[in-house]
Protein chains: 2
Amino acid sequence: MRGDGCCDMRGFLSFLILFLLSKRKMHGQELAEEIEKRKGSKPSPGTIYPALKSLREYGLIEERKEGKTVIYSLTERGKKELKTAKQRFCRIFLGVY
Amino acid sequence: MRGDGCCDMRGFLSFLILFLLSKRKMHGQELAEEIEKRKGSKPSPGTIYPALKSLREYGLIEERKEGKTVIYSLTERGKKELKTAKQRFCRIFLGVY
DNA sequence: TTAAATATATCGGATGCCCAATATATCCTA
DNA sequence: TAGGATATATTGGGCATCCGATATATTTAA
């Protein structure tokens, strides 16, 4: 339990990244800003890049280098994984609007 | 990232407990079973009771001993905390149905 | 061609969720 | 009044998330 009240809710970052990338492909900084909009604080580089690396290693996202930035997008496997993760998510939090 | 796919989603337990107790007061085992229904696996005693203790120490839930069992319910502060946690939750996961 | 700015990436460590094992207490049954 | 079943509780530790600090690469500005 941390200062921001109860309910740490750690462990949702990868899920959120998959969800955001399913809306549109983005590079890391864009992702960090989208997350900041939602949760109030911007994830640090030490948070966002290891998470992206992990998702890539699991074959759920792929990268395309484009000059300075790297564009991340979902793989087919990532889309499938997001779908089942969503179902799990919805069953767990059924009724929490 | 763990075996059950991506998206660990740990750190939601306290939140879920507050939510479930807002529906009806329960004792620990009932809570564990409700959580099992939602997430598929039953939290172990070493998970559920420390979580309850923590929530009690933060003044978010209160206990009433009743023979063998202990009935847990939300305090006023717990209700308030749940409300803001819900708002945070909904903003973070906006669009994830 | 420096210098600053931006993006990506890694490392070490703090935090705390969660579990397995174990212990205690109460209730029920024979 | 034993013995089993159920509920509560604690302890120790594993492990993933997440952050701060630091490093590298590319782009832009001067």
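Below, chain A is the first sequence line, B the second, and so on; all start at residue 1.
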For this session: Check every atom of C/dT26, D/dC19, C/dT8 against the side chain of A/Y72 and return the nucleotide holding the closest atom.
Result: C/dT8
Problem set entry | Nearest-Å distance for atom pair CD/C1', residues B/E30 and D/dT8 | 14 Å
For this session: Measure from CD on A/E66 to C1' on C/dT6 and round the result to the nearest Å.
Result: 15 Å
Exercise. How close or far is atom C1' of C/dC18 from atom CD1 of B/I17, stated in whole angstroms?
Worked result: 12 Å
Problem set entry | B/F89 ring center within less than 6.0 Å of B/F93 ring center | yes
Problem set entry | Donor-acceptor contact present, side-chain B/T69 to main-chain B/H27, <3.5 Å | no
Exercise. With respect to the side chain of B/Q29, which nucleotide from D/dC19, D/dT8, D/dT27 is positioned closest?
Worked result: D/dT8
For this session: Quickly work out the A/E36 CD to D/dC18 P distance and round it to whole Å.
Result: 16 Å
For this session: Ignoring backbone atoms, establish whether A/S44 has a side-chain N or O less than 4.0 Å from OP1 or OP2 of D/dC18.
Result: no
Exercise. Which part of the nucleic acid, if any, lies within reach of B/L52 when heavy atoms closer than 4.0 Å are counted: base, sugar-phosphate only, or nothing?
Worked result: nothing
Exercise. For B/F12 and A/I92, which heavy atoms make the closest approach, and how far apart are they?
Worked result: CE1-CG2, 4.0 Å
Exercise. Under 4.0 Å: is that the gap between some side-chain N or O of B/K53 and OP1 or OP2 of D/dT10?
Worked result: yes
For this session: Take atom CD1 of A/I48 and atom C1' of C/dA7, then tell me their distance rounded to the nearest Å.
Result: 12 Å
Exercise. Out of C/dA21, D/dA21, C/dC27, which nucleotide sits closest to the side chain of A/P45?
Worked result: D/dA21
Exercise. Under 4.0 Å between a side-chain N/O of A/T47 and OP1 or OP2 of D/dC19, yes or no?
Worked result: yes
Exercise. Between A/R64 (side chain) and A/Y72 (backbone), is there a donor-acceptor pair under 3.5 Å?
Worked result: no
Exercise. How would you label the contact of A/G46 with the nucleic acid (heavy atoms, under 4.0 Å): base, sugar-phosphate, or nothing?
Worked result: base
Seminar exercise, completed: Comparing nearest nucleotides in DNA chain D, the 5'-proximal residue of the pair A/K65, A/G11 is A/G11
Problem set entry | Check: B/R88 side chain, B/K83 main-chain N or O, donor-acceptor pair, under 3.5 Å | no
Exercise. Which nucleotide in the set D/dT11, C/dT6, D/dA7 lies at the smallest distance from any side-chain heavy atom of B/P50?
Worked result: D/dT11
Exercise. Nearest-Å distance, CD1 (B/I71) to P (C/dT26)?
Worked result: 16 Å
Exercise. With respect to the side chain of B/H27, which nucleotide from D/dA7, C/dA7, C/dA9 is positioned closest?
Worked result: D/dA7
Seminar exercise, completed: Heavy-atom nearest nucleotide on DNA chain D taken for B/T69 and for A/K42; more 5' hit belongs to B/T69
Problem set entry | Flag side-chain contact, heavy atom, 4.5 Å: B/K42 against B/E33 | yes
For this session: Measure from the side chain of B/P43, starting at C-beta and using heavy atoms only, and say which of C/dT6, C/dT26, C/dC19 lies closest.
Result: C/dC19
Problem set entry | Given D/dA7, D/dT26, C/dA9, the nucleotide with the shortest approach to the side chain of B/K68 | D/dA7
Exercise. Just how far, in rounded Å, is C1' of D/dC18 from CZ of A/F12?
Worked result: 10 Å
For this session: Whole angstrom is fine here: how far is it from OH in A/Y49 over to P in D/dA23?
Result: 18 Å
